[in-house]
Structure formats: structure tokens, C-alpha cells
> 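Okay, handing you the structure first.
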There are 2 protein chains.
Amino acid sequence: MAPPYNIYEDQCPARQVLDRLADKWALLVLDRLQKEPVRFNQLHRDIKGISQKVLSQTLKKLERDGLLSRCVFATVPVTVEYALTDLGQSLVQTVNTFAHWAELHMDAVLLAQARYDGTV
Amino acid sequence: MAPPYNIYEDQCPARQVLDRLADKWALLVLDRLQKEPVRFNQLHRDIKGISQKVLSQTLKKLERDGLLSRCVFATVPVTVEYALTDLGQSLVQTVNTFAHWAELHMDAVLLAQARYDGTV
DNA sequence: CAGGATCCAAAGCGATACTG
DNA sequence: CAGTATCGCTTTGGATCCTG
């Protein structure tokens, strides 16, 4: 498939990328990493509700996509730091506005939900 | 939970909103509606790969969240148009930059994937 | 500390058939 | 056209235990 890509098409590479990123946990991880590199268990503690398994999977996917780097330090016990790559940095601004929208308009959304649930 | 909301917290309302929106199909639907109101089957045709069931569910969720409106015209057979609300409009710009990022950086992502898969 | 392996329950989804 | 209903399967996800 040649550019310009049609994101409405199945198998469009852009849509596969979108698939991967349109994920709650991935967004939260990227957001958490934007200030500083963070270690595995710290992420696990900070992002409430994520399981160890899912965090591990999410980190692997993001690393595979080139959005974050995994850096191992030979301490005892071993230390692993996750950090955004340049590519990840280029995405994080978008993630920011997305999360910011959620915070900003969440009252309106909750109101709409209440109205919808009451009406239907 | 009082503002400022902590999006890393479980049960944070902002995170519930994020949950809902961090969905591939929802993003594609919102994107598709930004130019014009669209009917059910048109959406079904345009957004390749979505099933009727999932499209229906997605539309209901977005309507419940106040992001789009469902307008019924008494034609024969009945016509239903989905359109963005003001709230939906306020979100769509963010969705745009998100989708745009995917298109712009997808080559880098695919390259990173190939590298990762080859290395590991 | 940083995960991998396993088990199991629950949710999600596609396909199909049907309705007003 | 615009959906709803049902079925069966696949996937996901949490919980738990284990390792270097």
C-alpha cells in the first residue's frame, strides 16, 4: 500500500500502528516516562491497576515499536530502566493532549452519561 | 476524588474517560465523522474491518459519552445520521494529531519492529 | 529487582439469522 | 436501512508461583 495511506483501510500500516497505540496502558506508560526514566517495579507501583503481566507485555510492545528503550544496569540485584526514545518523545506530546482532554472534559462526559442513562 | 485528578490512579474519572477513548474503533469513527454526518451503513462500509456489532456498540458508547448525536429521519426506510457534538468536535483535533502521528512515523515504527525482531 | 510460566475465568468478537 | 439477538470461539487478563 502506497502513501498517502488510507487509515480506514484494513491492513493499512498506519492503522496497525494506531491499533497498538490506542491502548490505555500504553498511553499511561508513555505518559509516565515523559518526565524521567522509570524502573519496572516503579511503573508497576505508579500505574495503579496494571498487572505485572500486562505491564511486561506493554513494555515489550512499546520497545519493539521503538518508542522506548530498555537499559540494564549491572547492579545487584539488576536494575532495568525504561526511557522514551526520540520516537517516543515525538509521540508523547500527542499523548499529553489526549490525556489533557480527558481531564478537561471529563465532567461534560460524566454529565452526558448521566443524562443518557436517565433518558434511556 | 477531587481535582487535580491523578490519571495514574485507578478509578480516576479521567482514566475512565481515557479507557473509553483509547479504542481503535472509537478513534476511527470520530475521525470519519469530522467532515460530515454519516449514516450507519456508510460507516460500516468506510471503516474496513469493523463488524456491525462492534460498530453499533461503539456508536452507543460515543453517544452515551456525549461525543456524537444520533439523528433519525422519518424516511422510508428510516435514515439515521451520526454527527459530532460540540464535545466531540473538541476532541477530534486531538484524534487528528494522533492519527497523523501514526501516518507520519509509521515507517520508523515498522523499521524498529524489523530491527527488534531480527535482533531478538 | 525484573520478569517468565502457568492456569483459569471473563470478556470480546465474528458470523449468522432475524426484525421493523 | 438500521439495527438486535444468539452462539461459539478466541483472546485477554488477573492471580499465583517461580527464577536469576
Side-chain angles (χ1 to χ4, degrees), chain A residues 8-11 15-16 18-29 32-33 36-65 68-84 116 119-120, chain B residues 8-11 15-16 18-29 32-33 36-65 68-83 116-117 119-120:
Chain A
Y8 301 117
E9 283 297 327
D10 222 353
Q11 293 141 349
R15 214 168 93 170
Q16 294 176 30
L18 186 63
D19 276 23
R20 218 169 293 272
L21 298 178
D23 169 45
K24 174 183 60 165
W25 298 122
L27 295 183
L28 287 172
V29 166
R32 180 63 188 85
L33 289 182
E36 62 207 347
V38 186
R39 299 195 299 176
F40 185 89
N41 278 334
Q42 189 65 44
L43 285 170
H44 191 204
R45 259 173 272 124
D46 288 351
I47 303 178
K48 304 294 169 56
I50 195 172
S51 71
Q52 184 190 57
K53 178 182 175 180
V54 171
L55 175 58
S56 177
Q57 289 171 346
T58 301
L59 288 171
K60 259 187 213 156
K61 284 198 307 184
L62 292 176
E63 186 193 358
R64 177 168 182 265
D65 289 346
L68 56 79
S69 62
R70 181 176 177 278
C71 198
V72 182
F73 298 94
T75 52
V76 180
V78 68
T79 298
V80 179
E81 266 190 7
Y82 291 92
L84 291 181
Y116 184 95
T119 307
V120 175
Chain B
Y8 301 117
E9 283 296 328
D10 222 353
Q11 294 142 345
R15 215 167 91 169
Q16 294 176 29
L18 186 62
D19 276 23
R20 219 170 292 273
L21 298 178
D23 169 46
K24 174 183 60 165
W25 299 122
L27 295 184
L28 286 172
V29 166
R32 180 63 188 85
L33 289 182
E36 63 208 347
V38 185
R39 300 194 297 176
F40 186 89
N41 279 335
Q42 189 65 44
L43 284 170
H44 191 204
R45 259 172 273 126
D46 289 351
I47 302 177
K48 303 295 168 55
I50 195 172
S51 72
Q52 189 188 51
K53 178 183 176 181
V54 171
L55 176 57
S56 177
Q57 289 172 346
T58 302
L59 289 170
K60 258 186 214 158
K61 284 199 305 182
L62 293 176
E63 186 194 357
R64 178 167 182 266
D65 290 346
L68 56 78
S69 61
R70 181 176 177 277
C71 198
V72 182
F73 298 95
T75 52
V76 179
V78 67
T79 298
V80 179
E81 267 188 6
Y82 291 92
Y116 184 95
D117 293 344
T119 307
V120 175

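We name chains A, B, ... by the order of the sequence lines, and we start the count at 1 in each one.
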> Measure the distance from CZ on B:F73 to C1' on D:dC1 and round it to the nearest whole Å.
14 Å

> Over its full length, what angle do the end axes of the helix from C:dC1-D:dG20 to C:dG20-D:dC1 make, each axis taken from five pairs and the result rounded to 10 degrees?
50°

> How long is the line joining NE2 of B:H44 and P of D:dG3, in whole Å?
12 Å

> My understanding is that only residues two or more places apart in sequence, or in another chain, count here; which of them pass side chain to side chain donor-acceptor pair (under 3.5 Å) with A:R70?
A:Y82

> To the nearest Å, give me how far apart CG (B:L55) and C1' (D:dA2) are.
10 Å

> For A:K61, what residues pass the salt bridge (Lys or Arg N to Asp or Glu O under 4.0 Å) criterion, not counting sequence neighbours?
none

> Shortest non-hydrogen contact from A:L27 to B:A22?
CD1-CB, 4.0 Å

> List for me each residue that meets side chain to side chain donor-acceptor pair (under 3.5 Å) alongside B:R39, sequence neighbours excluded, and say none if there are none.
none

> Please round to the nearest 0.5 Å and tell me the distance separating atom CG of B:L28 and atom CG of B:L33.
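Separation between the atoms: 11.0 Å.
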
> Scan nucleotides 15-20 of chain D nucleotide by nucleotide, 5' to 3', and note B when protein non-hydrogen atoms come under 4.0 Å of the base, S if they reach only the sugar-phosphate, - if neither.
BBB---

> Return the value, rounded to whole Å, for the distance between atom NZ of B:K24 and atom P of D:dT11.
13 Å

> How many angstroms lie between atom CG of B:L59 and atom CH2 of B:W25, to the nearest 0.5 angstrom?
12.5 Å

> Can you check the A:I50 CD1 to D:dT12 P distance for me, whole Å?
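The answer, rounded to whole Å, is 15 Å.
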
> Could you tell me how far apart A:D19 (CG) and D:dT11 (C1') are, to the nearest whole angstrom?
14 Å

> Could you pull out all residues at least two apart from A:R32 that satisfy salt bridge (Lys or Arg N to Asp or Glu O under 4.0 Å)?
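Checked A:R32 against salt bridge (Lys or Arg N to Asp or Glu O under 4.0 Å); matches are A:E36, A:D46.
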
> Reading DNA chain C from 5' onward, which residue's closest nucleotide shows up sooner: B:G49 or A:L59?
A:L59

> Once side chain to side chain donor-acceptor pair (under 3.5 Å) is applied, do any residues pair with A:S69, and if so which ones, sequence neighbours excluded?
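Result, side chain to side chain donor-acceptor pair (under 3.5 Å) vs A:S69: none returned.
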
> Select one nucleotide: of D:dG3, D:dT4, D:dC1, the one nearest the side-chain heavy atoms of B:R45.
D:dC1

> If you look only at distance, which donor and acceptor atoms sit under 3.5 Å apart when one is on a side chain in residues 48-58 of chain A and the other is two or more places apart or in another chain?
from  : atom 1 : to    : atom 2 : distance (Å)
A:K48 : NZ     : B:E9  : OE2    : 2.9
A:S51 : OG     : A:V54 : N      : 3.2
A:T58 : OG1    : A:V54 : O      : 2.7

> Give me the first and last nucleotide of DNA chain C, going 5' to 3', that has any atom under 4.0 Å from a heavy atom of chain B.
C:dC13 to C:dA17

> Write down the distance between CZ (B:R39) and P (D:dA2), rounded to a whole number of angstrom.
5 Å

